[in-house]
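Here you go, one structure.
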Number of protein chains: 2
Amino acid sequence: MAENRKSTLVLVAERAGVSIASVSRVLNGLPASVSVTERVQRAAEELGYVADATARSLKVGKTEQIALAVADVGNPVYVAMMHEISRVVTDAGYRLVVSSTGSDPDEQITLLSSLNRGYADGLILSPLRVTEPLIDQLGSSRLPIVVIGSLPADVELDSVRADSAAGMGLAIKHLAKHGRARIAFINGPVDTVPGAARLSGYTSAMHKRGMAMHGDLQVNADDFTFAAGLTATTTLLDQATPDAIVCANDLLAVAALKVMLKRGLKVPEDIALVGMDDTDIAELTTPSITSVNLGSIKRARTAAKLLIRRLADPDAPVKRVVIEPKLTVRESSVVTHDATETKRASAPPSSATAGHAEGGGAR
Amino acid sequence: MAENRKSTLVLVAERAGVSIASVSRVLNGLPASVSVTERVQRAAEELGYVADATARSLKVGKTEQIALAVADVGNPVYVAMMHEISRVVTDAGYRLVVSSTGSDPDEQITLLSSLNRGYADGLILSPLRVTEPLIDQLGSSRLPIVVIGSLPADVELDSVRADSAAGMGLAIKHLAKHGRARIAFINGPVDTVPGAARLSGYTSAMHKRGMAMHGDLQVNADDFTFAAGLTATTTLLDQATPDAIVCANDLLAVAALKVMLKRGLKVPEDIALVGMDDTDIAELTTPSITSVNLGSIKRARTAAKLLIRRLADPDAPVKRVVIEPKLTVRESSVVTHDATETKRASAPPSSATAGHAEGGGAR
DNA sequence: AGATTTCCTGTAAACGTTTACGAGAACGTT
DNA sequence: AACGTTCTCGTAAACGTTTACAGGAAATCT
């Protein structure tokens with residue numbers, strides 16, 4: 001059935017003995033007589049005809065493609081978000097083209113201008129750093145953009161962001177409730193959007209609870225990676241003796257866990273640990289890591305839906321969505337009773353792990 | 001500079017006072033007089049002109065897009081491969097559209113036929129299961145396809161695959177050399193391409209070394225996920241007492257590690273563990289996991305380059321590349337000397353971390 | 001039965017490029 | 001000075017669709 005020759009509308013038309021307009025109409029479900037419909041469908045079938053996407057795009061001015069630009073691939077949270085976005089957009093009939101820019105804002109700017117070449121109908125952008133020129137470029141884009149992350153208030157774009165300050169609040173509160181007093185914070189670079197937000201969340205949460213905040217308790221990793229987390233944790237533990245650590249990121253948390261275990265520290269007995277993003281890797285480790293769920297999946301889904309909505313209705317009012325954080329409590333932050341006797345005890349109770357909340361559905 | 005009106009060739013042409021042909025020529029670097037070149041460039045600049053990708057594609061018959069279809073997203077190894085592919089294709093001037101199909105071959109078939117709509121110039125496909133109809137569809141595709149994975153010999157397609165049988169060999173050899181005799185194998189579904197290959201690798205490697213092979217030592221997880229790994233490992237440890245476990249996958253290995261630690265088993269002392277794929281997560285855990293590096297990154301890069309080569313030269317001879325495996329030895333498979341006294345042992349030789357040497361059986 | 005509406009389908013233009021072709025202009029050659 | 005060659009640039013066709021428009025047949029109404 002499928003000929004390996006490219007088959008066009010005119011081919012089908014002459015085989016069916018009708019005009020190309022009729023073929024197009026039939027194939028697009030517009031009204032036509034039964035006889036024509038029949039003949040066209042048969043001809044199309046026999047030739048294995050499939051409409052050319054490029055020609056259609058040129059004519060109707062839509063590519064049915066959505067571009068996704070994430071700054072920091074490699075971070076599992078962005079991978080999870082990408083999957084979710086992929087699902088939503090393909091369900092809506094779009095293809096997803098991914099442009100993994102580096103964290104460099106300049107790359108994103110050139111990407112934005114290349115967007116104007118019209119290879120996609122819209123863009124979902126998750127910038128790590130937001131600079132002036134980037135904002136300018138964002139504002140002057142010809143086609144719809146949805147931003148995942150914080151944005152200055154005067155930028156008229158749909159956006160969805162996490163409330164990482166509130167998330168830090170949850171973490172601190174949880175740790176305080178379990179009697180931790182010297183809560184350290186391992187952050188990523190503070191000149192990034194998430195880095196800045198999480199730092200301010202930490203300081204304000206600590207302040208609000210009237211907890212001591214030595215500068216020694218706060219270190220910044222060079223970036224949000226595992227490797228950077230290793231050295232950051234080492235630095236921290238060399239300069240302070242916290243009874244809890246909260247990390248800006250699950251990768252950093254995993255690194256922290258590794259260093260602590262290496263040093264013979266018991267988690268959570270000696271030091272409690274809380275990560276952030278609630279990615280799959282948080283439940284892989286032993287002990288599994290309590291993590292602040294910043295709603296990555298939900299953010300991704302919302303962003304995708306926002307873009308699709310705007311594509312359907314360009315004049316819809318601008319929406320700014322904030323996703324509320326939750327805390328997923330795992331083993332790394334609370335001391336279980338039988339942990340004091342022996343470690344072997346805690347074999348899985350009935351099912352698998354004890355995790356809650358909607359993690360990234362690994363599939 | 002960038003007007004938010006769409007600007008076309010004719011706009012530029014009339015502003016520069018030349019024909020659209022001249023504009024096109026100048027912008028494509030074809031010879032033109034200095035005066036014309038100058039005027040066109042200035043006009044284009046002033047209007048913020050960018051050529052429309054769709055129109056260009058229609059005319060020249062190339063989309064400058066490459067499609068990537070991976071069956072099992074969520075598996076970190078495919079994520080890593082995707083990044084590598086993304087890098088290579090963008091460097092070559094292509095965009096990457098990702099279509100995350102499920103593991104269902106039918107999905108891949110519909111994807112293949114949709115490929116004929118011509119939204120991409122070529123496809124990189126990594127199928128989890130290879131069925132007859134899929135192969136048929138592969139063969140009759142109009143545009144170039146590179147397959148990551150094994151393929152029947154009579155399929156005339158560029159492909160690159162891992163030698164997972166050899167990889168299993170490396171793992172078994174390594175474990176045997178360190179005195180392990182009862183080596184268990186946790187596989188994924190055997191009706192998948194990697195599952196089948198790894199199983200045969202296991203049996204032949206065990207056989208070759210004349211090692212005992214009880215059926216009890218081999219279990220199949222329902223799929224290649226962490227969750228499936230947990231139950232599979234539980235099953236295994238309930239029915240046998242291996243002194244080593246090799247897993248078809250790092251995710252499975254991490255799951256195995258988790259279950260073993262939960263049961264109070266010491267890794268690698270009681271049971272050595274080897275994973276497969278050598279993904280990032282293998283070094284995140286404590287102990288970090290020895291893993292067979294099947295050259296995922298290299299496979300990805302090679303696949304991308306093969307496709308680009310074929311796009312440049314459609315008549316190039318078909319290439320089948322096999323990437324040789326290596327073994328990345330980490331903590332989970334070899335017992336370090338001073339591990340009996342204290343755990344601090346395996347700290348990096350020169351760098352920090354060495355300080356805290358607490359006595360006592362930290363685990 | 002004629003007039004009007006409705007339905008169907010073909011003709012042709014358009015989307016925004018690239019590019020083959022040919023007409024002049026500029027140049028060098030005899 | 002006439003001719004051939006090279007260079008530059010404009011005209012127009014083409015890529016494969018969708019769709020406005022109009023013409024003709026069929027159906028409905030008075």
Side-chain angles (χ1 to χ4, degrees), chain A residues 3 5-41 43-44 47-65 93 114-121 142-143, chain B residues 3 5-41 43-44 47-65 93 114-121 142-143:
Chain A
E3 320 289 327
R5 223 46 241 122
K6 68 196 167 192
S7 62
T8 84
L9 262 191
V10 310
L11 259 309
V12 180
E14 59 192 31
R15 179 178 255 258
V18 298
S19 76
I20 62 168
S22 293
V23 178
S24 173
R25 274 190 287 256
V26 169
L27 267 34
N28 288 4
L30 283 85
S33 75
V34 272
S35 119
V36 168
T37 306
E38 213 160 56
R39 274 183 297 163
V40 167
Q41 279 174 344
L47 272 65
Y49 171 79
V50 274
D52 183 79
T54 313
R56 173 167 226 284
S57 291
L58 175 58
K59 186 56 189 170
V60 305
K62 291 173 184 289
T63 60
E64 318 225 286
Q65 294 191 153
S114 91
L115 238 210
N116 282 329
R117 303 183 35 156
Y119 64 84
D121 297 338
R142 198 159 44 78
L143 34 79
Chain B
E3 320 290 327
R5 223 47 240 124
K6 68 198 166 191
S7 62
T8 86
L9 263 192
V10 309
L11 258 311
V12 181
E14 60 192 29
R15 179 177 257 258
V18 298
S19 77
I20 62 170
S22 294
V23 178
S24 174
R25 272 190 288 259
V26 169
L27 266 34
N28 288 3
L30 283 85
S33 75
V34 272
S35 120
V36 168
T37 305
E38 211 161 58
R39 274 183 297 162
V40 167
Q41 279 174 345
L47 271 64
Y49 172 79
V50 276
D52 181 78
T54 312
R56 174 167 223 283
S57 291
L58 176 59
K59 186 58 190 169
V60 305
K62 292 172 185 289
T63 61
E64 318 224 285
Q65 295 191 152
S114 90
L115 238 210
N116 281 328
R117 302 183 35 157
Y119 64 84
D121 297 339
R142 198 158 43 79
L143 33 79

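In what follows, chains are A, B, ... by sequence order, proteins preceding strands, each numbered from 1.
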Tell me the closest heavy-atom pair linking B:Ala16 and B:Ala43, and the distance in Å. CB-CB, 3.9 Å
Name all residues meeting the side chain to side chain contact (heavy atoms under 4.5 Å, CB included) criterion together with B:Thr54; count only those two or more places apart in sequence or in a different chain, and write none if there are none. A:Thr54, A:Ser57, A:Leu58, A:Thr63, B:Asp52
For A:Val50, all residues meeting side chain to side chain contact (heavy atoms under 4.5 Å, CB included), sequence neighbours excluded: B:Asn116, B:Arg117
Among residues at least two apart in sequence or on other chains, which ones pass side chain to side chain donor-acceptor pair (under 3.5 Å) with B:Glu64? none
Under 3.5 Å: donor-acceptor pair, side chain of B:Gln65, backbone of B:Asp121: no
Which angle, to the nearest 10 degrees, lies between the helix axes at the two ends of the helix from C:dA1-D:dT30 to C:dT30-D:dA1, each defined by five pairs? 50°
Provide the full list of salt bridge (charged side-chain N to carboxylate O under 4.0 Å, His left out) pairs with a residue in residues 8-18 of chain A, sequence neighbours left out, each pair given once. A:Arg15-A:Glu46
Could you pull out all donor-acceptor pairs under 3.5 Å where a side-chain atom in residues 23-37 of chain A meets a protein atom, sequence neighbours excluded?
unit_1  : atom_1 : unit_2  : atom_2 : d
A:Ser33 : OG     : A:Val36 : N      : 3.3
A:Ser35 : OG     : A:Arg39 : NH2    : 3.4
A:Thr37 : OG1    : A:Ser33 : O      : 2.6

Per-nucleotide protein contact along nucleotides 6-20 of chain C, 5' to 3', at a 4.0 Å heavy-atom cut-off (B base, S sugar-phosphate only, - neither), is --SBBB--BBBBBBB
